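Comments concern the structure below.
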There are 2 protein chains.
Amino acid sequence: MRSDDRALLKSTPLFSDLPATAIDRLTYTAFVQNLPAGAVLFQQGDQPEFLYILLSGRVALTGRSAEGDEAVIEFFRRGDVFIAPAVILDLPYLMSTRVLQDARILMIPAEHFRDVLARDPALNAALVRELARHWRLLIRQIKDLKLRTAPQRLAAYLLDLSGGHGGNVLLPEERKLMAGRLGMTPESFSRAFAQLAAEGVTGRGRNVVIADAAHLRGFCAYDDIL
Amino acid sequence: MRSDDRALLKSTPLFSDLPATAIDRLTYTAFVQNLPAGAVLFQQGDQPEFLYILLSGRVALTGRSAEGDEAVIEFFRRGDVFIAPAVILDLPYLMSTRVLQDARILMIPAEHFRDVLARDPALNAALVRELARHWRLLIRQIKDLKLRTAPQRLAAYLLDLSGGHGGNVLLPEERKLMAGRLGMTPESFSRAFAQLAAEGVTGRGRNVVIADAAHLRGFCAYDDIL
DNA sequence: CGGTTGTTTGAGGACGTTCAAGTACTGTGG
DNA sequence: CCACAGTACTTGAACGTCCTCAAACAACCG
């Protein structure tokens, strides 16, 4: 692990409140792995062997149906810790993970993580907050899927990306993958995007402009559904 | 709080590993409220004032769209602790809560809960596991919504209720509410149920029989999607 | 430059919703 | 015990959204 990796850990929500010694205790058995885009870290159903922390690159957690089509559950970026719950409970992963952009990943052996967790109150406290935050993201996604139409979901996602204020937005992923995250096909994504032109959303490639954020919030019930 | 309430708390996953003194510390400012079916505990957007533990009765967490229709996110029953994340983070509730069946609810002041949480490592550890478990339930629900059709979702839910083995199942809620939980209208629920007759699912009222669990698992990709 | 992959667009169809009507339940008061 | 009201549940028809399949176009990368 490089020194800037340590600095990165220290800046994440999970580790920022932990003393350096706690971070050391957690990471001294850990190692860094470099993975190219397209690599699969693990498959759903596997028993968890590591806790993963993304040091750089991008990664997607996906679920796969019996027919083989893939739904993105969530994207992760630099600094994110993922699939902690499976490691904590020592239960099979519910999702698969695919590298989207060449990634450096810190891998903490699951057993070791659980050992430290059993002893370190500060880590428990930090993890409670981390899990609580993530819990809310999942609730929002469920409400999104149950209460909004495809164009509304896209609009809400774009507003999230813009921080709610509109203006210029840079799409973080391919449209194909964003479609999966939003629970629709790439074709539907494309049509949803075309439909948002009438609501003041324009753009080419990965650059998108939200002309009237207030109007778009109304369109997708941004504040009502939270 | 009655003595059998204390016994109930002690039997829940969250509190079972906590010493009695910790439970006392947590509950000495708490009180019990009786609420009739139909009562609303709080609305989405409210600032959290209490952590709720259901001592008896049934309750649903729901999200509401701008048009006013309601989607059930999850049901809770005796012994369940709900909306901990909002209380932990002191952020507005993302959902509303409605009493389905006359309920006795233990209410722990949010401020007090956070105080205890800041001091009690055992509570943190228990909460980490509780949140991790719930996190996995939400992931399953998201995969359900993104990867399965309506009849498949119903089939998977029935299998969950039966413990995966089939046989007799007692529906825990009105079909109307189960429809919301599964992300469909009551009409679609009814049709989905009718469709499952071809897969060996029969029943009248709240009593349902799964004739061939293995077959139904195949139908909804029960083991593939997890 | 050609091959590959991502994106858009069109046509047709499946799934699920909406609206509307009818049936079965549940509980209440006579 | 029955009549009744209110609610839940089912069923049918029409509609809309989203998906599938297919093709054209654009962007990227060797």
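Lettering of chains follows the sequences in order, A, B, ..., and the numbering in each one begins at 1. Just so we're clear, the structure is a prediction, and the values are computed from it rather than from any experiment.
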If I compare all heavy atoms of B:R206 with all of B:E173, which pair ends up nearest, and what's the gap? NH2-C, 3.5 Å
Can you tell me the distance, in whole Å, between the CE atom of A:M184 and the P atom of C:dC15? 20 Å
Base D:dC21 to side chain A:E187, donor-acceptor N/O within 3.5 Å cut-off: yes
Salt bridge or not for A:R217 and A:D223, using N-O below 4.0 Å? yes
Rounded to whole angstrom units, what separation is found between the CZ atom of B:R153 and the P atom of C:dT17? 8 Å
Just to confirm, is there a sub-4.0 Å distance from OP1 or OP2 of D:dT17 to any side-chain nitrogen or oxygen of A:T149? no
Gap between atoms CD and P, on A:E173 and C:dT7 respectively (whole Å): 11 Å
Do A:R206 and C:dT7 share a donor-acceptor pair, side chain to base, under 3.5 Å? no
For a quick test of reading the model: is some side-chain N or O of A:S190 closer than 4.0 Å to OP1 or OP2 of C:dT8? yes
Side chain of A:R191 (C-beta onward), nearest among D:dA8, C:dG16, C:dT9: C:dT9
On DNA chain D, more 5' by nearest nucleotide between A:P151 and A:R204 is A:P151
Looking at D:dC18, D:dC19, D:dA8, which one has an atom nearest to any side-chain atom of A:T185? D:dC19
Would you mind reading off the distance between B:Q152 atom CD and C:dA14 atom C1', rounded to a whole angstrom? 14 Å
On the 0 to 90° scale, with breaks at 30° and 60°, tag the B:Y93-B:F42 ring pair as parallel, tilted or perpendicular. parallel
Once you round it to whole Å, what is the distance between P of D:dC9 and CG of B:L154? 13 Å
Can you tell if the side chain of A:K146 reaches within under 4.5 Å of the side chain of B:S65, non-hydrogen atoms only? no
To the nearest Å, give me how far apart CZ (A:F189) and P (C:dT8) are. 8 Å
What do you reckon, are the aromatic ring centroids of A:F31 and A:F50 less than 6.0 Å apart? yes
Distance check needed: C:dT7 P versus A:F193 CZ, whole Å only. 11 Å
Rounded to whole angstrom units, what separation is found between the CZ atom of B:R175 and the P atom of D:dA8? 14 Å
Looking only at the side chain of A:S188 (C-beta and beyond, no hydrogens), which of the listed nucleotides D:dA8, C:dT18, D:dC19 gets closest? D:dC19
